[in-house]
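Please read the structure below before turning to the comments.
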Protein chains: 2
Amino acid sequence: MTLTTAEENYLKAIYHLSDGATKSVSTNDVAAEMKTKPASVSDMLRKLGDKEVIEYRKYYGVNITEEGKKRALQTIRKHRLWEVFLVEKLQFAWDEVHEVAEELEHIQSPLLIQRLDSYLNFPKFDPHGDPIPDEYGDVRARPRLALNEMDIDQSGQIVAVKDSSAAFLKYLDKVGAYIGARIKVLDKVEFDGSMEILVDQKKTLFMSKDVAANILAIQS
Amino acid sequence: MTLTTAEENYLKAIYHLSDGATKSVSTNDVAAEMKTKPASVSDMLRKLGDKEVIEYRKYYGVNITEEGKKRALQTIRKHRLWEVFLVEKLQFAWDEVHEVAEELEHIQSPLLIQRLDSYLNFPKFDPHGDPIPDEYGDVRARPRLALNEMDIDQSGQIVAVKDSSAAFLKYLDKVGAYIGARIKVLDKVEFDGSMEILVDQKKTLFMSKDVAANILAIQS
DNA sequence: TTAGTGTTTTAGTCTTGGCTAAAAATATGA
DNA sequence: TCATATTTTTAGCCAAGACTAAAACACTAA
Ligand SMILES: [Mn+2]
Ligand SMILES: [Mn+2]
Ligand SMILES: [Mn+2]
Ligand SMILES: [Mn+2]
């Protein structure tokens, strides 16, 4: 059973909202994610249910099926491989790739993806540090580590925060640290564990050990 | 004014049928080319007329406008650049690229095409020997020469025939020479101008000067 | 000049993926 | 438990792009 572009986009959204097919997802959440109205979502859920990529019980939200998970991961795989291509080969910036990949991921050609994968040397992560599922849908999660666990001169990228309180996020915003920022450890003070971090190759930032422990990064 | 994928496909078909925007094109011809019904074409012609990419007079066929020609050439440019990418970078065979390029040509991103062009080193011809329009829609036609004008050891590709009589085509068919075949001149007999041609790197073919003079090729 | 023939358009229908407004079901809390 | 609030679905509508059947038009040949 083939999925349309719209169906693929919905399924991908449901997969993400379900935290990797673990929790069930509400109509309203899907509508918010897809920037459509709940009424449109109800319609689409019925179709996806008929195609057996989700399990749909009216009024009780949806759960993605095994088949649906497989399909979603294929689309995600294609999306991320294209992102790697755009950054590595076509010199796109980091934040310019998502929109285009959102279109490219729907091109139907198994051969194309197989060859692209090989051409890119079978990358395991996309430019945002997200793992690229293999052709069977298996994902290798990249270890994330807190900033205070990194050593001097190590580089990486901020991918998440442990403490996501408004106060903390506001602080990060103020000092110019954001999800996706490329960072490098310039110094670590033995005495109190405070750190000096280079952000985006231009801005130097001092932070306490407490702050550093709440910022998660991937190494590069 | 943006065009939908369907509109781009129609416009490209009309451009091709009109021999590069020179002659007018009938509803039936478009229907045949697009493998749809004339009724569907009438509908689409009205839309393309409204968008002023064609001039549409009911019952009298269409002529492509300057704007339409520009749009069609942009789509053709994208199609052919992707074909080059697939063959040169992803090792696609010659005859495997068209379908995929037919999808890729609709990806909307000027930056993407600009970067792809540069990445491929600004190719002037696609894998089928067809010229790639530049970003302003200018086309550099590749010189075609008759086989008997080629020298020993030169390689190329058959792109057309001068004599398109059934008899000649039947003959070509029988000996395994076809539009698109890759050829190499193995020998040329001084005495009568007859030639020995290697077809598709496997089949050797002898032909008279008369025959050779009626086959057009591009060099590679 | 007109009848016939083939081409093209129109009218009406379908599917997909949107929308709004209204109805129905579920959840909450007094 | 029951009234109200929230969520979700249904009903009805729209646009794009297909289709079939029927009507309108253009061209040709008598
Ligand atoms: Mn997408
Ligand atoms: Mn990504
Ligand atoms: Mn196309
Ligand atoms: Mn081509």
Side-chain angles (χ1 to χ4, degrees), chain A residues 1-15 17-18 23-64 68 71-72 75 99 102-103 105-108, chain B residues 1-15 17-18 23-64 68 71-72 75 99 102-103 105-108:
Chain A
M1 185 88 72
T2 67
L3 300 177
T4 66
T5 291
E7 286 168 343
E8 283 186 351
N9 284 333
Y10 269 98
L11 192 59
K12 201 158 57 96
I14 293 167
Y15 177 80
L17 289 169
S18 72
K23 15 185 261 204
S24 78
V25 175
S26 76
T27 300
N28 261 0
D29 287 352
V30 176
E33 178 79 9
M34 295 295 296
K35 290 167 180 155
T36 56
K37 303 291 159 174
S40 309
V41 174
S42 283
D43 241 39
M44 183 54 92
L45 295 185
R46 194 185 33 71
K47 287 179 209 164
L48 292 175
D50 289 349
K51 294 197 172 180
E52 299 182 353
V53 291
I54 61 172
E55 212 180 318
Y56 176 41
R57 279 181 53 220
K58 274 183 198 172
Y59 294 104
Y60 288 92
V62 296
N63 287 88
I64 204 160
R71 300 297 196 94
T75 307
E99 300 295 290
E102 203 56 51
E103 293 189 50
E105 69 189 358
H106 304 290
I107 305 284
Q108 300 294 359
Chain B
M1 185 87 69
T2 68
L3 301 177
T4 66
T5 291
E7 286 169 342
E8 283 185 350
N9 284 333
Y10 270 98
L11 191 59
K12 201 157 59 96
I14 294 168
Y15 176 80
L17 289 169
S18 71
K23 13 185 262 204
S24 81
V25 175
S26 77
T27 300
N28 260 2
D29 287 352
V30 176
E33 178 79 10
M34 295 295 295
K35 289 166 182 157
T36 56
K37 303 291 160 177
S40 310
V41 173
S42 283
D43 240 40
M44 184 52 92
L45 294 185
R46 193 184 33 70
K47 286 179 210 163
L48 292 176
D50 290 348
K51 293 195 173 182
E52 297 184 353
V53 291
I54 60 172
E55 211 180 317
Y56 176 41
R57 279 181 54 220
K58 273 182 199 172
Y59 293 104
Y60 288 91
V62 297
N63 286 87
I64 204 160
R71 300 298 196 93
T75 307
E99 299 297 288
E102 203 55 51
E103 291 189 51
E105 69 188 358
H106 304 291
I107 305 284
Q108 300 295 359

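Numbers restart at 1 for each chain; the letters A, B, ... are given by sequence-line order, proteins then strands.
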A:Lys37 versus A:Ala31, closest heavy-atom pair with distance =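 Shortest heavy-atom separation between A:Lys37 and A:Ala31 comes out as C-CB, 3.9 Å.
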What are the two closest non-hydrogen atoms of B:Ile54 and B:Leu45, and how far apart are they?
->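 Result for this residue pair: CD1-O, 3.5 Å.
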Is there a side-chain contact between [X] and the phosphate of [N], meaning an N or O under 4.0 Å from OP1 or OP2?
X: A:Tyr10; N: C:dG18; result: yes
X: B:Thr27; N: C:dT9; result: yes
X: A:Asn28; N: D:dT8; result: yes
X: B:Lys47; N: D:dA16; result: no
X: B:Ser40; N: D:dA18; result: no
X: A:Thr4; N: C:dG17; result: yes

Could you tell me how far apart [X] ([atom1]) and [N] ([atom2]) are, to the nearest whole angstrom?
X: A:Lys51; N: C:dG17; atom1: NZ; atom2: P; result: 8 Å
X: A:Asp43; N: D:dT8; atom1: CG; atom2: C1'; result: 12 Å
X: A:Tyr60; N: D:dT8; atom1: OH; atom2: C1'; result: 11 Å
X: A:Met44; N: C:dC19; atom1: CE; atom2: C1'; result: 14 Å
X: A:His106; N: C:dG17; atom1: NE2; atom2: P; result: 12 Å
X: A:Asp50; N: C:dT15; atom1: CG; atom2: P; result: 13 Å
X: A:Leu11; N: C:dG17; atom1: CG; atom2: C1'; result: 16 Å
X: A:Arg57; N: D:dT8; atom1: CZ; atom2: P; result: 13 Å

Closest-nucleotide 5' rank along DNA chain C - winner of A:Lys58 and B:Val41 |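 Whichever sits nearer the 5' end wins; that is B:Val41.
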Would you kindly compare A:Tyr59 and A:Thr36 by the position of their nearest DNA chain C nucleotide and give the one closer to the 5′ end?
->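 The 5'-side residue here is A:Thr36.
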A:Ser40 side chain to A:Thr36 backbone, donor-acceptor under 3.5 Å |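 Judged by distance alone, no pair lies under 3.5 Å.
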Electrostatic pair B:Glu102:B:Lys12 at N-O distance under 4.0 angstrom =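 Yes, charged N to carboxylate O under 4.0 Å.
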Can we say A:Lys51 and A:Glu7 salt-bridge, meaning some charged N sits less than 4.0 Å from an Asp/Glu carboxylate O?
->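 Yes, charged N to carboxylate O under 4.0 Å.
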Go through C:dT9, D:dT20, D:dG17 for me and flag the one nearest to the B:Lys37 side chain.
->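 Nearest to the side-chain atoms of B:Lys37, counting from C-beta on, is D:dT20.
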